[in-house]
Number of protein chains: 2
Amino acid sequence: MLDALLSVGRRIDIGSSLSRTAAYTLATLDALGPSRVTDLAEREAVSQPAMTGLVQRLQASGHVRRDADPADGRSVLVGLTDAGRALVAERRLAYADAVARLVDRLDADEQQALQQALPALRRLTELAYEVQPMVTTTRSTHHRKESA
Amino acid sequence: MLDALLSVGRRIDIGSSLSRTAAYTLATLDALGPSRVTDLAEREAVSQPAMTGLVQRLQASGHVRRDADPADGRSVLVGLTDAGRALVAERRLAYADAVARLVDRLDADEQQALQQALPALRRLTELAYEVQPMVTTTRSTHHRKESA
DNA sequence: ACTAGATATATCACGGTGTTATGTAGTTGG
DNA sequence: CCAACTACATAACACCGTGATATATCTAGT
């Protein structure tokens, strides 16, 4: 049913040179704050070495910082830099715009059906992540008003 | 505000060792029949060299065949083998099961909202692909494609 | 028919992304 | 203290993508 339908996201492509995992990792860091490499790896469903490498590249590009964890000498706390936060915000806007451009081309009744399915879709996302609700609100700097 | 919601698909992971693009390429071949490398590349939004490489790997793994195009000596017609068709069918089932397991955990009203949004989601997918309706023919028998 | 240009695919060099296996340093508890 | 565990890094490898470019074929103008 929903089969391949949820692949829409795959076709929404924003210019940015970020990989899918990189983008989601930054978004996660924005939502959850500084996190450990292993936690990020688990959340993004990639191996720990993959996340280590990604974090290194993101650090090289200035989007994240790696700080020592005062509570555990083995651990590293990965956090967004201002540039990282800015990139997350920028991509969020670009993505929302892209989706909006698609949704605008739907009929009124289709749009309404989507609108009413939003809570279900949101829950679906939560369930897919199998973790606490993904805080999609940019609580870092400014708030974006959600329009219907 | 569908924003990150459409990322659900990203978390639905079937065991199979196919890359995202490989999986979609096989599905496309199942839906459209033998296609040229360039057409596949455009449809999957990757470069032609990337598709050439992917097709080579898929051929090596026995999932596609490459036949000469009788109408154009430069061209190659890529088509599914029986193994390729079987893999597509298998993945379709696995994916449907995974989605169903998620949807089952929604409330009845959420499920109904999703159900009613299905046409809209379908249209959204079509629009995202910006091409003719994706023939999601469930049964993977034989498909015939009218030439232009 | 010849030839210039367009087209379809392949190849090359390169870097990002992922895997498993393994190493190293820090933590934990008997 | 020391063995086991944990967090991260590294190595070796394959895959996936890019742009630049080569080769063969098709198309059209002359």
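Keep in mind it's a predicted model, so treat the numbers as computed, not measured. We name chains A, B, ... by the order of the sequence lines, and we start the count at 1 in each one.
Under the salt bridge (charged side-chain N to carboxylate O under 4.0 Å, His left out) criterion, B:Asp69 pairs with no residue, sequence neighbours left out. By the salt bridge (charged side-chain N to carboxylate O under 4.0 Å, His left out) test, A:Arg101 is found to be paired with no residue, residues two or more places apart in sequence or in another chain being considered. Take B:Gln59 and apply the side-chain contact (heavy atoms from CB on, under 4.5 Å) test, not counting sequence neighbours, and it matches B:Val64, B:Arg66. Residues forming a side-chain contact (heavy atoms from CB on, under 4.5 Å) with B:Asp107 (at least two apart in sequence, or on another chain): A:Arg123, B:Asp109, B:Glu110. Applying the side-chain contact (heavy atoms from CB on, under 4.5 Å) test to B:Glu90 and every residue at least two apart in sequence or in another chain returns B:Leu87. Legend: residues meeting salt bridge (charged side-chain N to carboxylate O under 4.0 Å, His left out) with A:Asp39, ordered by chain and number and at least two apart, are A:Arg36. A:Asp67 pairs by the side chain to side chain donor-acceptor pair (under 3.5 Å) definition with A:Arg65, not counting sequence neighbours. Shown here are the salt bridge (charged side-chain N to carboxylate O under 4.0 Å, His left out) partners of A:Arg74, two or more places apart in sequence or in another chain: A:Asp72. In this structure, the side-chain contact (heavy atoms from CB on, under 4.5 Å) partners of A:Thr38, at least two apart in sequence or on a different chain, are A:Gln48.
A:Glu44 has its CD atom 13 Å from the P atom of C:dT17, to the nearest Å.
Mapping A:Val46 and B:Leu77 onto DNA chain C by nearest heavy atom places B:Leu77 closer to the 5' end of the strand.
Distance check, rounded to the nearest 0.5 Å: CD of B:Gln112 to CD of B:Gln116 gives 5.0 Å. Distance OG1/A:Thr25 to CZ/A:Arg20: 12.5 Å, rounded to 0.5 Å.
Protein chain B touches strand DNA chain D; the 5'-most and 3'-most nucleotides with an atom under 4.0 angstrom of its non-hydrogen atoms are D:dC15 to D:dC26.
In the region residues 50-67 of chain A, proximity to DNA chain D at under 4.0 angstrom, judged on heavy atoms, holds for A:Thr52, A:Gln56, A:Arg66.
Within 4.0 Å (heavy atoms only), B:Ser19 reaches sugar-phosphate atoms of the nucleic acid but no base atom. Nucleic acid contact for B:Ser47: base, since at least one base atom lies under 4.0 Å from a heavy atom of the residue.
Listed pair A:Thr21 / C:dT17 fails the phosphate criterion, with no side-chain N or O lying under 4.0 Å from OP1 or OP2.
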Can you give one letter per nucleotide of nucleotides 21-30 of chain C, going 5' to 3': B for a protein heavy atom under 4.0 Å from the base, S for sugar-phosphate only, - for none? B----BS---

